> 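Could you have a look at this structure, given as structure tokens, before my questions?
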There are 2 protein chains.
Amino acid sequence: MGENIKNISKTQIVLAAAKLFKQKGYAASSMRDIAAALNIEAASLYHHIKNKEEILDIICFDMATKFLSAIAEVNDIYFNAEEKLRKAILHHVEIITEDIDKSAVFLREWRSLPESALADFLLLRNQYENEFTRIIENGIEEDVFDNVDKKFAVLSILSSVNWINEWYSADGNMNANEIAHKISDFVMGGLRKKLVTDAHYKA
Amino acid sequence: MGENIKNISKTQIVLAAAKLFKQKGYAASSMRDIAAALNIEAASLYHHIKNKEEILDIICFDMATKFLSAIAEVNDIYFNAEEKLRKAILHHVEIITEDIDKSAVFLREWRSLPESALADFLLLRNQYENEFTRIIENGIEEDVFDNVDKKFAVLSILSSVNWINEWYSADGNMNANEIAHKISDFVMGGLRKKLVTDAHYKA
DNA sequence: CATTTTGTCTAACAATTGTTAGGCAAAAAT
DNA sequence: ATTTTTGCCTAACAATTGTTAGACAAAATG
């Protein structure tokens with residue numbers, strides 16, 4: 001091969017691209033940027049991938065699959081609603097913190113997917129939300145959760161867990177477990193059924 | 001003037017741009033796209049604005065100013081911590097729902113600001129977060145809120161209110177007031193001091 | 001050893017980008 | 001009535017974009 005054998009893999013390309021997509025966004029990251037990050041020429045990328053869109057596609061659907069199989073697992077094994085929700089949140093936080101670059105792209109850049117992929121993607125995202133909704137419903141049936149607006153609760157929870165992507169850094173002093181625990185505690189406060197009213201009302 | 005006198009205003013440009021920036025992102029929206037949305041030629045835009053960056057600048061800082069003056073007002077007038085937080089959330093939701101396009105840009109596209117503006121922007125955003133943190137601190141001092149992780153509570157709250165931008169549509173069946181009320185109720189559950197333990201633990 | 005495959009390269013392309021220059025007619029100011 | 005200003009236009013620019021074609025040498029395969 002050319003005097004430079006770098007043997008870049010598709011995985012490396014996706015990783016480097018994810019890092020750039022997170023920093024500058026999909027549209028503002030050029031193929032030449034991605035190539036430069038890997039010390040190769042832009043044209044060489046096409047030996048490994050079909051086109052730029054494929055990279056975004058891979059990132060978005062890989063992550064979607066991760067999230068979906070995690071929640072499927074939680075819903076399969078039996079836990080009561082609170083345990084289920086806590087596990088679901090934990091897995092979610094784990095997936096995000098394991099790869100902040102790719103999850104940033106999953107959370108923000110999916111809008112740049114080509115139309116057909118976008119439709120599929122939104123289906124998956126909806127499916128994920130529905131699994132969470134089911135957990136909340138369980139909790140209400142089990143009389144453990146207050147009869148809250150389900151859709152609302154799910155969106156509040158998901159937005160909270162997703163937001164960690166904005167400030168989490170691997171070298172920080174909190175791990176996924178601690179983060180998940182704190183979020184769960186906070187969220188559970190808003191969900192749990194209260195037999196006796198809060199201090200606020202007692203006073 | 002040329003047989004076409006359209007008298008486009010800077011405000012119209014910003015509005016049309018915001019709509020596009022929300023849909024396709026800043027980088028993927030061209031000056032020609034913006035111009036086409038206003039039925040003029042791209043070059044004509046430069047009669048009203050300095051360059052593309054200025055549009056993003058205006059949107060981001062206009063919104064930041066709105067948010068900051070709203071919370072300043074809340075913190076000026078005396079309310080107890082819970083009232084303050086509820087008012088702050090209400091104003092936040094109002095600002096978002098009043099202009100979903102511009103607030104989407106404020107929430108997502110600020111990353112594309114040129115470096116110097118970006119630094120200023122982040123300062124304002126931090127300032128806003130700090131005002132919220134002060135409210136939580138007040139609540140803890142007043143012994144109305146649980147001694148939660150302040151930073152965490154603020155980020156959870158803000159992520160929840162910001163998320164409404166993703167699904168809110170003006171023609172939907174919820175107004176800003178109802179949305180703010182629901183979020184506040186949910187959030188307050190996680191914050192309020194609990195004298196007697198929850199039903200869950202009583203059982 | 002001969003051949004094919006693999007992974008890079010250079011060079012080039014057509015399209016699109018943000019932006020500027022200069023023209024021209026209507027409206028406003030003198 | 002004349003001049004200036006305003007708000008648009010067409011045309012063009014240099015740079016950058018995603019992508020393709022084709023060469024070439026190392027590695028793998030026969």
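Fair warning: this is a prediction, and the values are worked out from it, not measured in the lab. Lettering of chains follows the sequences in order, A, B, ..., and the numbering in each one begins at 1.
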> Specify the separation, in whole Å, of atom CD1 of Ile34(A) and atom P of dG18(D).
8 Å
> Under a 4.0 Å threshold between the charged nitrogen and the carboxylate oxygen, would Glu73(B) count as salt-bridged to Lys87(B)?
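Here Lys87(B) does not pair with Glu73(B) in a salt bridge, since their nearest N and O are not under 4.0 Å apart.
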> Answer with base, sugar-phosphate or nothing: what part of the nucleic acid does Ser29(A) contact at a heavy-atom distance below 4.0 Å?
sugar-phosphate
> Nearest whole angstrom, please: distance from the P of dT10(D) to the CD1 of Ile40(B).
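To the nearest whole Å, that distance equals 12 Å.
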> Quick check on dT16(C): is either OP1 or OP2 less than 4.0 Å from any side-chain nitrogen or oxygen of Ser30(B)?
no
> Answer yes or no: is there an ion pair linking Arg125(B) with Glu131(B), defined by an N-O contact shorter than 4.0 Å?
no
> Calculate the interatomic distance between Gln12(B) atom CD and dG7(D) atom P; express it in whole Å.
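Result: 12 Å.
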> Base, sugar-phosphate, or nothing for Ser44(A), non-hydrogen atoms under 4.0 angstrom?
base
> To the nearest angstrom, how far is Ile8(A) atom CD1 from dT6(C) atom P?
17 Å
> Which atom pairs link the protein and nucleotides 19-21 of chain C when you take only N or O atoms and keep those under 3.5 Å?
{"from": "dT19(C)", "atom 1": "OP2", "to": "Tyr46(B)", "atom 2": "OH", "distance (Å)": "2.7"}
{"from": "dT19(C)", "atom 1": "OP2", "to": "Lys52(B)", "atom 2": "N", "distance (Å)": "2.9"}
{"from": "dT19(C)", "atom 1": "O5'", "to": "Tyr46(B)", "atom 2": "OH", "distance (Å)": "3.3"}
{"from": "dT19(C)", "atom 1": "O4", "to": "Arg32(B)", "atom 2": "NH2", "distance (Å)": "3.4"}

> Is the ring pair Trp110(B)/Phe121(B) parallel, tilted or perpendicular, if the boundaries are 30 and 60 degrees?
parallel
> OP1 or OP2 of dT8(C) sitting under 4.0 Å from any side-chain N/O of His48(A)?
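Answer yes for this pair, as a side-chain N or O of His48(A) is under 4.0 Å from OP1 or OP2.
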> Between Gln127(B) and Asn130(B), do the side chains contain an N or O donor and an N or O acceptor separated by less than 3.5 Å?
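Side chains of Gln127(B) and Asn130(B): no pair found under 3.5 Å.
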> Could you give the NE2-to-C1' distance, from His47(B) to dT10(D), as a whole number of Å?
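Between C1' of dT10(D) and NE2 of His47(B): 15 Å.
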> Can you confirm if the aromatic rings of Phe186(A) and His181(A) lie within a centre distance of less than 6.0 Å?
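Between His181(A) and Phe186(A), the centre distance exceeds or equals 6.0 Å.
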> Rounded to whole angstrom units, what separation is found between the NZ atom of Lys10(A) and the C1' atom of dG7(C)?
15 Å
> Is the cationic atom of Lys52(B) (NZ for Lys, CZ for Arg) positioned less than 6.0 Å from the six-membered ring centroid of Tyr26(B) and within 45 degrees of its normal?
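Output yes; distance and angle both within limits.
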> Could you give the CD1-to-C1' distance, from Ile55(A) to dT17(D), as a whole number of Å?
14 Å
> Is there a donor in the side chain of Asn39(A) and an acceptor in the side chain of Lys6(A), or the other way round, less than 3.5 Å apart?
no
> In whole angstrom, give the distance that lies between atom CG of Asn7(A) and atom P of dA27(D).
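Whole-Å distance recorded here is 10 Å.
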